[in-house]
Amino acid sequence: MRLFSARAHPSTAAERVRSILAAAHSMTVVSDGLHTEVRRLDGTDAMGHFHLHAPCDGDAAHLVGRVPVRLELTDIAPTPVRDRLRARVTVAGLLAAPYGPEATQSTCMEFGQAVLEDADGRAYVTLEALEAAEPDPVATSEAGMLTHLVDHHAELVPLLLRLVRPVPEAGVLRVLPVRMDRHGLVLRLEYPSGHRDVRLPFSAPLAHVDQAGPRIHALAATARRLSHTSHLLT
């Protein structure tokens with residue numbers, strides 16, 4: 001029985017970037033010396049606000065008059081863990097004209113690079129990889145599901161802790177879910193001097209968000225069986 005995976009992020013960097021772009025509620029657009037907060041992303045995806053296209057072929061003549069632009073997004077844990085910043089995404093490129101925050105249509109952006117920064121380091125994502133990747137099916141629902149788990153089913157969290165292998169060392173102050181994706185649920189174990197994240201993998205990756213609830217209940221059922229077995233052996 002597979003209880004714990006040491007690999008923090010089974011998804012590729014491109015999949016994670018697409019997921020963060022899909023779930024973002026806001027982003028900062030840095031262009032022409034100005035920082036603009038864009039907060040109308042709910043349900044539209046950051047890439048619905050900016051249309052990315054490949055760099056133009058040819059010499060540098062096409063760059064004349066182009067305006068550098070940088071899209072900055074942060075991935076924040078929806079639960080009240082100690083360190084809520086999970087990742088940063090930066091997408092850089094060029095615009096044909098200065099960015100207009102009042103624009104109602106998608107802004108065309110010549111892609112330069114996309115960068116994912118998280119606890120594992122920094123990863124660069126190409127436009128080809130970004131276009132080929134699909135957002136995680138849980139991405140846009142993750143915040144609601146994790147807060148629902150904490151607010152309405154808090155008793156399941158310590159139960160799920162029984163699945164963690166190796167068994168957590170003594171001194172855990174608090175345990176909260178910090179992430180969920182198609183591959184599993186991640187718990188954050190907070191200690192006086194730091195924290196440890198542990199992944200509880202689902203029996204199989206999710207194909208649709210509707211499968212998330214049953215998968216969590218399956219983890220809880222496994223934890224209950226473990227507890228019962230341990231009691232019988234003592």
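Numbering starts at 1 and runs along the sequence shown.
- Pro177 and Leu146 make their closest contact through CB-CD2, 3.9 Å (heavy atoms, listed as atom of the first residue, atom of the second, distance).
- The hydrophobic clustering, which links ILVMFWY residues whose side-chain heavy atoms are closer than 4.5 Å, places Leu160 and Tyr191 together.
- Ser106 contributes a side-chain N or O that, together with a main-chain N or O of His51, makes up a donor-acceptor pair within less than 3.5 Å.
- Heavy-atom neighbours of Arg122 CZ from other residues, nucleotides or ligands within 6.0 Å: at or below the threshold of 12.
- Using a 4.5 Å cut-off on side-chain heavy atoms (C-beta onward), Leu85 and Thr74 make contact.
- Taking CD of Glu142 as the start and CE of Met145 as the end, the distance is 7.0 Å to the nearest 0.5 Å.
- Counting heavy atoms from C-beta on, the side chains of Leu189 and Leu161 come closer than 4.5 Å.
- Ring geometry for His217 versus His153: interplanar angle over 60°, hence perpendicular rather than tilted (30 to 60°).
- Rounded to the nearest 0.5 Å, atoms CZ (Arg174) and CZ (Arg188) are 10.0 Å apart.
- In terms of heavy-atom proximity, Val67 sits nearest to Pro98 at CG2-N, 3.7 Å.
- Of all the heavy atoms in Arg215 and Pro205, the pair that sits closest is NH2-O, 3.8 Å.
- Linking ILVMFWY side-chain heavy atoms closer than 4.5 Å, directly or via other members, places Val157 and Leu163 in a single hydrophobic cluster.
- No side-chain heavy atom of Met109 sits under 4.5 Å from any side-chain heavy atom of Leu94.
- The distance from the NE2 atom of His148 to the CD1 atom of Ile216 is 9.5 Å, given to the nearest 0.5 Å.
- Atom CD of Glu190 sits about 9.0 Å away from atom CG of Asp83, to the nearest 0.5 Å.
- Hydrophobic clustering keeps Val30 apart from Leu73 (ILVMFWY residues linked when any side-chain heavy atoms are closer than 4.5 Å, directly or through intermediates).
- The shortest distance between side-chain heavy atoms of His53 and Cys108 falls below 4.5 Å.
- Between Val38 and Thr28, the closest side-chain pair of non-hydrogen atoms is not below 4.5 Å.
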Q) How far apart are the C-alpha atoms of Glu169 and Arg196, what are their side-chain angles, what is the distance that settles it, and do they pass the side-chain contact (heavy atoms from CB on, under 4.5 Å) test? A) CA-CA 10 Å; Glu169 56 270 28; Arg196 170 190 171 200; 3.6 Å; yes
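- Judged by distance alone, with hydrogens and angles left aside, the side-chain atoms of Thr147 form a donor-acceptor pair with the main-chain N or O of Gly144 at under 3.5 Å.
- Side-chain contact between Arg39 and Met27 is absent, with no heavy atoms from C-beta onward closer than 4.5 Å.
- A salt bridge is defined here as a Lys NZ or Arg NE, NH1 or NH2 lying under 4.0 Å from an Asp or Glu carboxylate O, and Asp75 with Arg179 meets this definition.
- At a threshold of 4.5 Å between non-hydrogen side-chain atoms, the residues Val81 and His195 do not count as touching.
- In this structure, Ile20 and Ala87 approach most closely via the heavy-atom pair CD1-CB, 4.0 Å.
- Note: Leu95 CG to Glu110 CD = 9.5 Å, rounded to the nearest 0.5 Å.
- A donor-acceptor contact shorter than 3.5 Å links the side chain of Asp181 to the backbone of His183.
- Within the 4.5 Å cutoff, no side-chain heavy atoms of Val186 are placed close to those of Leu200.
- A distance of 8.5 Å separates CZ in Arg182 from CG in Leu206, rounded to the nearest 0.5 Å.
- The shortest non-hydrogen separation linking Ala129 to Ala14 is O-CB, 3.7 Å.
- A salt bridge links Glu72 to Arg70: one of the charged nitrogens lies within less than 4.0 Å of a carboxylate oxygen.
- Of the residues Arg86, Arg88, Arg16, the one that meets the salt bridge (charged side-chain N to carboxylate O under 4.0 Å, His left out) test with Asp118 is Arg16.
- Side-chain atoms of Thr90 never come within 3.5 Å of backbone atoms of Val115 as a donor-acceptor pair (strictly under, hydrogens ignored).
- The hydrophobic cluster containing Leu116 also contains Leu52, counting ILVMFWY residues as joined when their side-chain heavy atoms lie under 4.5 angstrom apart, directly or transitively.
- Scanning all heavy atoms of the two residues, the minimum distance from Pro137 to Val209 falls at O-CB, 3.5 Å.
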Q: List the steps and the verdict of side-chain contact (heavy atoms from CB on, under 4.5 Å) for Arg224 and Leu219.
A: CA-CA 9 Å; Arg224 290 190 183 95; Leu219 288 175; over 6 Å; no
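- With ring centers used as reference points, Phe50 lies 6.0 Å or more from Phe111.
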